[in-house]
Every structure is written in C-alpha cells, then in structure tokens.
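Below you'll find the structure, written out as structure tokens, and then a few comments.
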Number of protein chains: 2
Amino acid sequence: MSFTPPQKPAEYAESELLNAILDGTFPINSSLPSERDLADQLGVTRPTLREALQRLARDGWLDIQQGKSTRVRDYWQEGSLATLSALAASPHHQSPDFVAYLLEIRLLLAPTYTRQALEAASSQIAAFLKGADLRSGEPAAFAAFDWELHHKLTGYARNPIFQLLLNGFEELYAQMGRTYFSFEECRSESQKFYRRLLECAESCDLDRAENLLRQTMRGSLDLWLRLGGQA
Amino acid sequence: MSFTPPQKPAEYAESELLNAILDGTFPINSSLPSERDLADQLGVTRPTLREALQRLARDGWLDIQQGKSTRVRDYWQEGSLATLSALAASPHHQSPDFVAYLLEIRLLLAPTYTRQALEAASSQIAAFLKGADLRSGEPAAFAAFDWELHHKLTGYARNPIFQLLLNGFEELYAQMGRTYFSFEECRSESQKFYRRLLECAESCDLDRAENLLRQTMRGSLDLWLRLGGQA
DNA sequence: TATGATTAACATGTCAGACCTCTTACCACT
DNA sequence: AGTGGTAAGAGGTCTGACATGTTAATCATA
C-alpha cells in the first residue's frame with residue numbers, strides 16, 4: 001500500500017491547464033484568460049500560476065508575451081518531444097497509433113546507434129545484457145529493461161544527439177512499453193533479441209548487430225501492427 | 001539600424017545561470033547556492049529567479065526538489081533536444097562536430113519522412129519548391145529555406161513524431177545551417193537537390209524521392225566531413 | 001553503545017499585494 | 001490620412017511573510 005502526495009498548487013495548476021488545452025477548453029491559437037483571472041479560477045496565486053505557465057511555455061504549449069494575452073500554440077506543428085507524451089496519453093485526440101509511430105522512429109535510429117555503441121563499449125553492453133533478469137514476466141519489467149538497454153546504447157554511441165533525442169521519448173516509451181509488452185508474443189520475441197544481441201556484443205560483430213537491430217525493430221513494428229488492433 | 005531591447009530580469013537570470021552551468025562554475029551534479037543567495041547575487045528577486053529556474057529545469061538542466069538544494073543534472077545523459085543547441089554553441093565544450101552529428105541523424109530520418117510527405121502532399125511540396133528563391137546566394141537564405149523545406153516535409157508526413165522531433169532541432173539547425181551553407185559547394189549541391197526533389201514531387205515518384213534523399217543526405221555528410229576542417 | 005525521537009537549521013514552495021512595463025484601441029489634433 | 005496622447009488591459013517584477021520538506025545534530029531510552 002502506498003500513498004501519493006497531494007498535488008502542489010503549481011503542479012495542480014499546470015495539469016489543469018494542460019487538460020484544458022487538450023480537451024479543447026483552450027483550443028489551439030486561442031487566448032487564455034488573464035493571469036489574474038486564471039489564478040483566481042484555479043485557486044492559486046499569480047506567481048504560482050506564472051511558474052506553471054513558464055513551464056508549459058518552455059515545453060511548447062504556450063506563447064507568452066508581455067502586454068498580450070497568452071496564446072495556445074499549435075502543439076502539433078510547433079510542439080516538441082515534450083508535448084508528445086501528453087498528446088499520446090490524451091483521450092481527447094483521436095489517437096494516432098503512437099506505438100507504431102514510435103517503433104517506426106526506433107527502426108530508423110536504433111541500428112546506427114547500436115553499431116556505434118558496440119564499437120565503443122561492447123563488453124559493457126554484454127555485461128548489461130548478461131545481467132538481464134526478466135523471469136518475472138512482468139510487462140513493466142520488460143518495458144523498464146528495454147528502455148534501459150536503449151538508453152545505454154545511445155549513451156555509448158559516438159553521436160551524443162542519439163541520447164538527447166531518446167531522452168525525449170522517455171515518458172512515451174514508458175507508456176507505450178507497458179502496452180506493447182502486455183502481449184506475450186512481444187515479450188518472447190524481445191527475449192530472443194536480447195540473447196542474439198548479447199552474442200553480437202560478445203563477438204563484437206558490428207555488421208551483424210546492425211542487421212539484427214534492423215530486423216528486430218522491423219519485426220517489432222510488424223508484430224505491433226498485427227496485434228495493435230487488439231489493444 | 002536596429003536596436004535590441006534590454007534583457008528582462010528573468011531572461012538575464014536564466015542566461016547567466018545557463019552560462020554558469022556551461023562554463024563549469026556550477027558543474028554537473030553540483031548544488032546551486034540557495035535561491036535567496038542566488039537571487040541576491042544576480043540582482044533579481046526570488047520569484048523572478050524561480051521562473052528562470054523552472055524554465056531551466058523543464059529543459060533538463062536542473063533538478064529542483066523542495067527542501068533540497070537545486071542540483072545541476074548531467075545534461076549530456078539526462079538532457080534533451082532543448083539542451084542540445086546550448087551545448088552546440090557553448091565555447092566551453094571541446095566541440096564535437098555537431099554539424100556532422102545533425103547530418104547523420106537527418107540521413108537516417110529524412111528519406112522516410114520525405115516519402116511519407118510526398119505520399120500525402122506531393123503537389124503542395126512541388127509548389128513550395130517551385131517558389132524557391134535563392135538567387136541572393138546568402139547562406140542565411142539557404143539555411144532558412146532548407147529548414148522550411150524539412151519542416152514542411154515532416155508536417156506532411158504520416159508520422160507526427162517527425163515534426164515534433166525536428167522542432168527540437170530548430171535552433172541547432174539555424175546555427176549549423178549558416179555554417180554549412182557558408183560553403184559555395186554546399187549551396188550549389190543543395191540547389192541541385194531541390195531541383196531533383198521537385199521532379200520527384202511532380203512525378204510522384206516515392207521510391208526515387210526516398211533514394212534521392214538518402215544519397216543527398218549522405219552526400220551532405222560526406223561533403224561536410226571533407227570541408228568541415230576548414231570551418 | 002546503539003537506536004529512535006525530537007529539534008533546529010536550511011532548503012524550496014506559496015501566498016498577498018503593490019508597482020512596473022508593454023500592447024492596443026480609441027480619441028483629438030493637424 | 002497621419003501622428004501623438006491617453007486609458008485599459010495584459011504580462012513582468014518587486015517586497016515580505018508564511019508554509020512545507022529535508023537533513024543533521026542532539027537528546028532520551030534501552
């Protein structure tokens with residue numbers, strides 16, 4: 001049994017605003033009420049509200065300019081990876097298949113960063129893979145392990161942009177991972193993949209690793225497209 | 001003749017802090033001074049400082065927890081695309097070749113999003129390319145056009161993640177674009193590319209477009225690796 | 001001596017209220 | 001029609017007080 005702390009006023013304000021943006025109360029390109037009114041409505045003080053607004057603006061949801069009403073940005077066009085997970089989780093958007101889209105991006109990037117990672121640190125990656133403990137069969141454990149693996153791979157890659165980029169997917173990855181790994185077939189396919197990747201890491205076979213990633217990431221996508229309808 | 005407005009206190013505080021992080025005054029994993037001290041040192045008030053801190057935290061630079069000193073995060077490992085352009089522009093980091101890294105990522109992503117874009121909107125893309133006016137030969141004009149092209153392509157792509165992802169590169173793209181297009185050879189190669197892409201858009205040849213992007217993006221990377229030493 | 005409880009110091013989080021600066025619409029004057 | 005001034009409404013910042021969370025030190029008890 002665990003308890004969650006009550007939401008702090010700034011957190012509360014931020015999530016209320018975000019919900020209001022996503023549910024269409026404040027649609028794209030609309031103006032928010034004045035900070036004074038909004039703070040009043042939300043039951044927080046203006047400085048507290050402003051902290052929340054600054055955070056939302058930095059993520060790409062809002063455009064704040066002195067002397068003008070704060071505007072809701074077109075978060076599909078002007079958004080960032082920071083807006084992505086909120087969009088993916090929102091019940092107010094006829095959800096595009098975010099799992100498939102994420103897998104598609106991963107298919108494009110993972111072979112290259114894996115190659116670079118093995119080039120730099122194959123024994124460390126092998127050690128990590130050897131330490132894998134997925135006997136519980138819990139989807140959450142698979143999702144966490146998979147994330148950790150890709151995070152490590154991008155961290156070892158020569159191009160630092162891979163990791164910065166992957167970090168932007170952390171929340172979405174966690175959400176989507178639990179869905180994806182809820183299927184037994186997805187879990188067992190992943191276990192095969194980890195074993196094969198371990199072999200590549202131990203033998204330092206870069207070409208084989210790259211191809212393995214390409215096949216496996218494509219396989220994941222195909223598998224999801226087949227199973228996705230049942231989610 | 002144009003004037004730039006004076007920096008507002010919150011902006012000033014934010015950029016001073018960011019500089020202090022990047023120049024090692026506040027290194028990774030160090031604690032910042034207390035908000036009260038920091039506000040004093042910076043000559044702004046605490047609420048103002050807090051706004052700046054919230055923004056920096058949301059970008060991935062800081063970890064703020066009530067009751068504990070604010071910590072500088074490992075922005076290489078825990079950072080985001082929002083930290084990327086600051087890192088690329090920082091004189092304090094023995095600069096990895098960010099242009100090459102950016103071009104490498106683009107090589108991986110652009111063929112797919114271009115294909116998807118042409119699938120969805122080839123006449124609009126053709127119209128955009130026809131409207132290209134790069135006669136001035138200015139590097140800035142090339143950089144702006146190239147950005148706009150890729151932004152449009154990602155906007156038309158089926159997978160919305162492409163555009164959200166590209167948005168994270170906007171600042172870096174602008175910085176790097178001016179460097180890349182300062183070379184005449186890069187400019188003329190790009191013009192050729194735009195003409196060929198126009199042909200693909202007009203004939204709706206998806207395979208050819210995808211291959212063109214792959215070759216061109218690889219060509220850009222190779223060209224940069226050759227010329228980059230001279231930058 | 002070891003452990004648990006309490007307290008104090010220091011940190012961030014929030015509140016209330018006042019004033020400052022920017023934007024925009026409207027009006028008056030040339 | 002163009003320009004300048006004013007007022008209203010918006011966001012930006014300041015001052016100062018209080019609330020809540022963390023952690024180390026101290027005290028009490030077994």
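To find a chain, count down the sequence lines: A is the first, B the second, and so on, and within it residues start at 1.
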* Heavy-atom contact window of chain B on DNA chain C, given 5' to 3' at under 4.0 Å -> C:dA11 to C:dT14
* To do: Could you note down all residue pairs passing ring pair (Phe, Tyr, Trp, His ring centres under 6.0 Å) where residues 22-68 of chain A supplies at least one of them, sequence neighbours left out?
  => A:Trp61-A:Tyr75
* Gap between atoms CD and P, on A:Glu11 and D:dG21 respectively (whole Å) -> 11 Å
* Distance in angstrom units between B:Tyr12 OH and D:dC14 P, rounded -> 12 Å
* Under the salt bridge (Lys or Arg N to Asp or Glu O under 4.0 Å) test, residues paired with A:Arg71 that sit two or more places apart -> A:Asp63, A:Glu78
* Asked: For DNA chain C, which residues in residues 62-73 of chain A have a heavy atom at a distance below 4.0 Å?
  -> A:Gln66, A:Gly67, A:Lys68
* Structure fact -> Those residues at least two apart in sequence (or on a different chain) that pass side-chain hydrogen bond (donor to acceptor under 3.5 Å, both in side chains) with B:Asp23 are B:Thr25
* Could you state the CG-C1' distance from B:Leu42 to D:dT13, rounded to the nearest angstrom? -> 15 Å
* To do: Would you list the pairs meeting salt bridge (Lys or Arg N to Asp or Glu O under 4.0 Å) in which at least one residue belongs to residues 127-145 of chain A, sequence neighbours left out?
  => A:Lys130-A:Glu202, A:Asp133-A:Arg135
* Asked: Sequence neighbours excluded, which residues qualify as ring-ring contact (aromatic ring centres under 6.0 Å, His included) partners of B:Tyr113?
  -> B:His150, B:Phe162
* Asked: Of all residues at least two apart in sequence or in a different chain, which pass the side-chain hydrogen bond (donor to acceptor under 3.5 Å, both in side chains) check with B:Gln124?
  -> none
Compile the donor-acceptor pairs under 3.5 Å between side chains in residues 166-175 of chain B and protein atoms, sequence neighbours left out, one pair per line.
residue	atom	partner	partner atom	Å
B:Asn167	OD1	B:His151	NE2	2.9
B:Asn167	ND2	A:Gln77	O	2.8
B:Asn167	ND2	A:Gly79	O	2.7
B:Asn167	ND2	B:Gln163	O	3.3
B:Tyr173	OH	B:Arg106	NH1	2.6
B:Tyr173	OH	B:Asp146	OD2	2.8

* First of B:Pro6 and A:Val44 reached from the 5' end of DNA chain C, by closest nucleotide -> A:Val44
* Asked: How would you list, by chain and number, every residue that makes a salt bridge (Lys or Arg N to Asp or Glu O under 4.0 Å) with B:Glu16, sequence neighbours excluded?
  -> none
* Partners of B:Tyr194 by ring-ring contact (aromatic ring centres under 6.0 Å, His included), sequence neighbours excluded? -> B:Phe145
* Apply the test side chain to side chain donor-acceptor pair (under 3.5 Å) to residues B:Gln7 and B:Ser15: give CA-CA distance (whole Å), side-chain angles for both, the deciding distance (0.1 Å), then the verdict. => CA-CA 10 Å; B:Gln7 242 181 341; B:Ser15 67; 3.1 Å; yes
* **Integer-rounded Å distance: D:dT13 C1' and A:Arg50 CZ** => 8 Å
* Roughly how many Å is it from CZ in B:Arg46 to P in D:dT15, rounded to a whole number? -> 13 Å
* **Closest contact, heavy atoms only, A:Ile28 versus A:Arg73** => CG1-O, 3.6 Å
* Any residue of residues 26-40 of chain B with a heavy atom less than 4.0 Å from an atom of DNA chain C -> B:Ser34, B:Glu35, B:Arg36
